[in-house]
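Predicted model, so just to flag it, every value in this text is computed and none were measured. These values consider heavy atoms only, across backbone and side chains, with no hydrogens, waters or symmetry-generated copies.
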Amino acid sequence: MCTPETLPSLLDAVRTVPDPRATHLVTHPWPMLLGLVACALLCGVRSVRGVIRWASGQDVGTLAALEVPAGDPGKLPVATTLTRALARVDADALDAAVGAFVQAHAADPLAGIAGDPPVLQLATDGKTVRGARDSDGLQLHLLGVYQVDPGVMLAQREMRHKPHETLHFTAALDLIADITGAIVTADALHTVADHAHYLHSRGAYGLFPVKENRSALFTQLDALDWDETTNAAIAVHRTEETNSGRREIRIVRVQPLTPGQVNFPHATRALLIERYTTGRGDGKIHADAELGITTAPLDVADTAVLARCVRGQWAIEAQHFVRDVTFGEDACRAHTGSLPRALATFRSLAISLAHLAGWTNNAAAHDHYRNHPTDALPRTRSHRLSTHHA
């Protein structure tokens with residue numbers, strides 16, 4: 001774990017990303033270019049041209065902190081220069097540097113919730129940047145690994161030429177140095193034996209939904225006795241909440257599995273998740289149910305923790321929504337070289353930085369930093385991310 005004195009700054013982190021420009025063409029410091037993008041997006045900027053417009057409006061002290069020579073606005077690049085640099089950047093190296101930076105700060109004991117640390121949950125999910133098509137007409141697909149608390153993207157892997165997510169699951173998690181003890185959640189595509197073996201080998205645990213695309217396993221779980229009045233081994237966790245007039249009841253039933261009881265490696269317990277929703281405007285009660293399986297033992301995650309992790313998988317979907325709505329990612333038509341992927345990386349970074357600083361509403365965070373840009377500087381250059389509780 002990093003100490004306050006050794007937590008990296010973002011500008012130091014991106015120095016490890018190779019400069020793609022020819023030496024004789026270098027005019028602007030490389031960390032400065034990447035730092036400008038990171039800081040501007042945290043302030044709510046949505047485009048490369050917007051980055052330069054934002055930077056041109058900053059004071060000398062702000063620009064100097066971002067390593068603009070002498071803090072002189074006349075030393076800023078034009079938008080086409082920044083665009084060309086981002087289009088040629090080594091996107092894998094950029095993702096690795098940003099991921100390492102976020103991982104270090106997410107592991108900082110002051111970055112999370114006070115009190116006993118919760119079970120670490122890593123949610124994985126793929127996202128398509130719909131407007132970013134390359135010369136072959138292929139859209140950019142990214143598989144992300146998201147730490148649900150405090151809400152940060154730890155790793156991201158491109159899937160453009162191999163769009164099937166299961167091929168990238170282990171490679172994406174390999175970008176995280178230590179996942180020991182973590183519960184990894186994913187959608188039903190990843191309910192495969194190889195993933196369970198991989199997580200077991202790294203000391204982590206899986207929590208996967210089981211749908212009819214895994215017909216044999218689905219049939220085995222569906223045939224279990226799910227009635228707690230006849231099966232004393234079942235543990236039940238129930239929650240009720242009302243939000244915007246919609247009332248939802250969630251019931252999670254969990255029962256232990258004996259070795260070999262179902263055809264899934266390292267399986268310890270099976271889940272049945274039921275949801276009952278009213279208030280959708282049609283006067284009806286909407287019900288749905290889902291089966292699941294986990295490799296986590298009881299001493300790592302009890303029924304309440306599993307229920308929280310099932311719901312926590314939606315956190316990465318919410319992050320994708322923020323990228324599309326707040327940042328306009330799907331509407332972005334950038335397609336040259338590494339540009340769309342670099343911008344996606346910086347969007348995820350901006351969300352992660354806001355969450356590390358204590359913000360729960362990204363739009364509110366952007367409004368604050370837009371009006372107080374110097375507050376954004378500690379997120380990019382200081383040894384510690386100062387905390388702001390919105």
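- Other residues, nucleotides and ligands contribute only 12 or fewer heavy atoms inside 6.0 Å of the CD1 atom of Ile285.
- Hydrophobic cluster membership of Leu142, counting Ile, Leu, Val, Met, Phe, Trp and Tyr whose side-chain heavy atoms lie under 4.5 Å apart directly or via other members: Val129, Leu140.
- Distance alone, capped at 3.5 Å, places no donor-acceptor pair between the Asp302 side chain and the Leu298 backbone.
- Smallest separation of non-hydrogen atoms from Tyr369 and Asp375: CE2-O, 3.7 Å.
- Side-chain contact of His141 with Thr128: a donor-acceptor pair under 3.5 Å is present, judged by distance alone.
- His355 and Tyr146 have perpendicular rings, their planes meeting at more than 60° on a 0 to 90° scale where under 30° would count as parallel.
- A side-chain donor from one of Asp225 and Thr230 sits under 3.5 Å from a side-chain acceptor of the other.
- Cluster note: Val26 groups with no other residue, as no ILVMFWY side-chain heavy atom lies under 4.5 Å from it.
- Linking Ile, Leu, Val, Met, Phe, Trp and Tyr residues whenever their side-chain heavy atoms come within less than 4.5 Å leaves Val300 and Val148 in two separate clusters.
- No donor-acceptor pair under 3.5 Å is formed between the side chain of Thr242 and the backbone N or O of Arg247.
- With hydrogens and angles ignored, the 3.5 Å screen pairs no side-chain donor or acceptor of Trp226 with any backbone N or O of Val254.
- A continuous path of Ile, Leu, Val, Met, Phe, Trp and Tyr side chains, each step under 4.5 Å between heavy atoms, connects Leu353 with Val322, placing both in one hydrophobic cluster.
- Residues Leu76 and Val14 are members of one and the same hydrophobic cluster, defined by side-chain heavy-atom contacts under 4.5 angstrom among Ile, Leu, Val, Met, Phe, Trp and Tyr.
- The closest donor-acceptor contact from the side chain of Glu317 to the backbone of Trp314 lies at 3.5 Å or more, if one exists at all.
- We find that Arg275 and Glu248 are not joined by a salt bridge, their nearest charged nitrogen and carboxylate oxygen being 4.0 Å or further apart.
- Taken from CG in Leu10 to NE2 in His105, the straight-line distance is 8.0 Å, to the nearest 0.5 Å.
- Across Ala296 and Thr268, no two heavy atoms sit closer than the pair O-OG1, 2.7 Å.
- Side-chain atoms of Arg269 come within 3.5 Å of backbone atoms of Pro297 as a donor-acceptor pair (strictly under, hydrogens ignored).
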Check against salt bridge (charged side-chain N to carboxylate O under 4.0 Å, His left out), Lys284 and Asp282: CA-CA 5 Å; Lys284 298 179 180 179; Asp282 55 8; 5.3 Å; no
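- Taking the charged nitrogens against the carboxylate oxygens, Arg214 and Glu212 have no contact shorter than 4.0 Å, which rules out a salt bridge.
- Residue Leu86 holds its CG atom at 9.0 Å from OG of Ser338, rounded to the nearest 0.5 Å.
- Between the His28 side chain and the Lys75 main chain, a donor and an acceptor come within less than 3.5 Å of each other.
- We find that Arg341 and Asp95 are joined by a salt bridge, their nearest charged nitrogen and carboxylate oxygen being less than 4.0 Å apart.
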Stepwise side-chain contact (heavy atoms from CB on, under 4.5 Å) test for Arg238 and Ile249: CA-CA 7 Å; Arg238 177 189 174 103; Ile249 300 173; 3.7 Å; yes
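- Under the ring-ring contact (aromatic ring centres under 6.0 Å, His included) criterion, Phe346 pairs with no residue, sequence neighbours left out.
- When the ring-ring contact (aromatic ring centres under 6.0 Å, His included) test is applied to His24, no partner is found at least two apart in sequence or on another chain.
- When each of Leu122, Val184, Thr170 is checked for a side-chain contact (heavy atoms from CB on, under 4.5 Å) with Leu199, only Val184 meets the rule.
- Expressed to the nearest 0.5 Å, how far CG of Asp330 lies from NE2 of His320 amounts to 10.5 Å.
- For the residue pair Gly35 and Leu66, the shortest heavy atom distance occurs at O-CD2, 4.0 Å.
- Thr16 places no side-chain N or O within donor-acceptor distance of the main-chain N or O of Ala97, the cut-off being under 3.5 Å.
- When all heavy atoms of Leu221 and Ala270 are compared, the closest pair comes out as CD2-CB, 3.8 Å.
- No side-chain heavy atom of Leu291 sits less than 4.5 Å from a side-chain heavy atom of Leu271.
- Cluster partners of Phe321, by chain and number: Val325. The rule joins Ile, Leu, Val, Met, Phe, Trp and Tyr whenever side-chain heavy atoms lie under 4.5 Å apart.
- Arg15 and Glu67 are joined by a salt bridge, as a carboxylate oxygen and a charged side-chain nitrogen come within less than 4.0 angstrom of each other.
- Salt-bridge formation is not detected for the pair Arg250/Glu241: no Lys NZ or Arg NE/NH1/NH2 atom is positioned less than 4.0 Å from an Asp or Glu carboxylate oxygen.
- Val192 and Ile183 fall into different hydrophobic clusters, where Ile, Leu, Val, Met, Phe, Trp and Tyr side chains are chained together by heavy-atom contacts under 4.5 Å.
- Interatomic distance, CD of Glu228 versus CD of Gln255, reported as 10.5 Å (0.5 Å rounding).
- A salt bridge links Asp174 with Arg202; the closest basic N to acidic carboxylate O contact falls under 4.0 Å.
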Test log, rule side-chain hydrogen bond (donor to acceptor under 3.5 Å, both in side chains), inputs Gln121 and Asp149: CA-CA 7 Å; Gln121 180 185 358; Asp149 179 16; over 6 Å; no
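- Rounding to the nearest 0.5 angstrom, the gap separating the CG atom in Leu154 from the CG atom in Leu175 is 10.0 Å.
- Side-chain contact annotation: Ser348 with Arg323, donor-acceptor N/O pair under 3.5 Å present.
- Note that CG of Leu217 is 11.0 Å distant from CZ of Phe208, once rounded to the nearest 0.5 Å.
- In this structure, Asp324 does not pair ionically with Arg347, as no charged nitrogen and carboxylate oxygen lie closer than 4.0 Å.
- Listed for the Asn243 side chain is no donor-acceptor partner under 3.5 Å among the backbone atoms of Arg246.
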Please list, one pair per line, the donor and acceptor atoms closer than 3.5 Å that link side chains of residues 43-55 to other protein atoms, with sequence neighbours excluded.
residue : atom : partner : partner atom : Å
Arg46   : NE   : Phe327  : O            : 3.3
Ser47   : OG   : Gly50   : N            : 3.0

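- Residues Pro77 and Met32 have side chains in contact (heavy-atom distance under 4.5 Å, counting atoms from C-beta outward).
- Val252 and Val119 fall within the same hydrophobic cluster, defined by Ile, Leu, Val, Met, Phe, Trp and Tyr side-chain heavy atoms under 4.5 Å apart, directly or through other members.
- A donor-acceptor contact shorter than 3.5 Å links the side chain of Thr295 to the backbone of Gly206.
- A donor-acceptor pair shorter than 3.5 Å cannot be found between the side chains of Asp222 and Thr219.
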side-chain contact (heavy atoms from CB on, under 4.5 Å) between Leu257 and Leu224, worked out: CA-CA 10 Å; Leu257 297 171; Leu224 297 175; 4.0 Å; yes
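- Heavy-atom contacts from other residues, nucleotides or ligands closer than 6.0 Å to NE2 of His200 number 12 or fewer.
- Side-chain atoms of Gln103 never come within 3.5 Å of backbone atoms of Val98 as a donor-acceptor pair (strictly under, hydrogens ignored).
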Intermediate values then yes/no, side-chain contact (heavy atoms from CB on, under 4.5 Å), His368 and Trp359: CA-CA 10 Å; His368 174 82; Trp359 293 92; 3.6 Å; yes
Steps toward side-chain contact (heavy atoms from CB on, under 4.5 Å) verdict (Val37, Leu34): CA-CA 5 Å; Val37 178; Leu34 300 181; 5.6 Å; no
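- Closest approach of Ala354 to Leu42, counting heavy atoms only: N-CD1, 4.2 Å.
- Here the shortest heavy-atom pairing between Gly126 and Met159 reads CA-CE, 4.2 Å.
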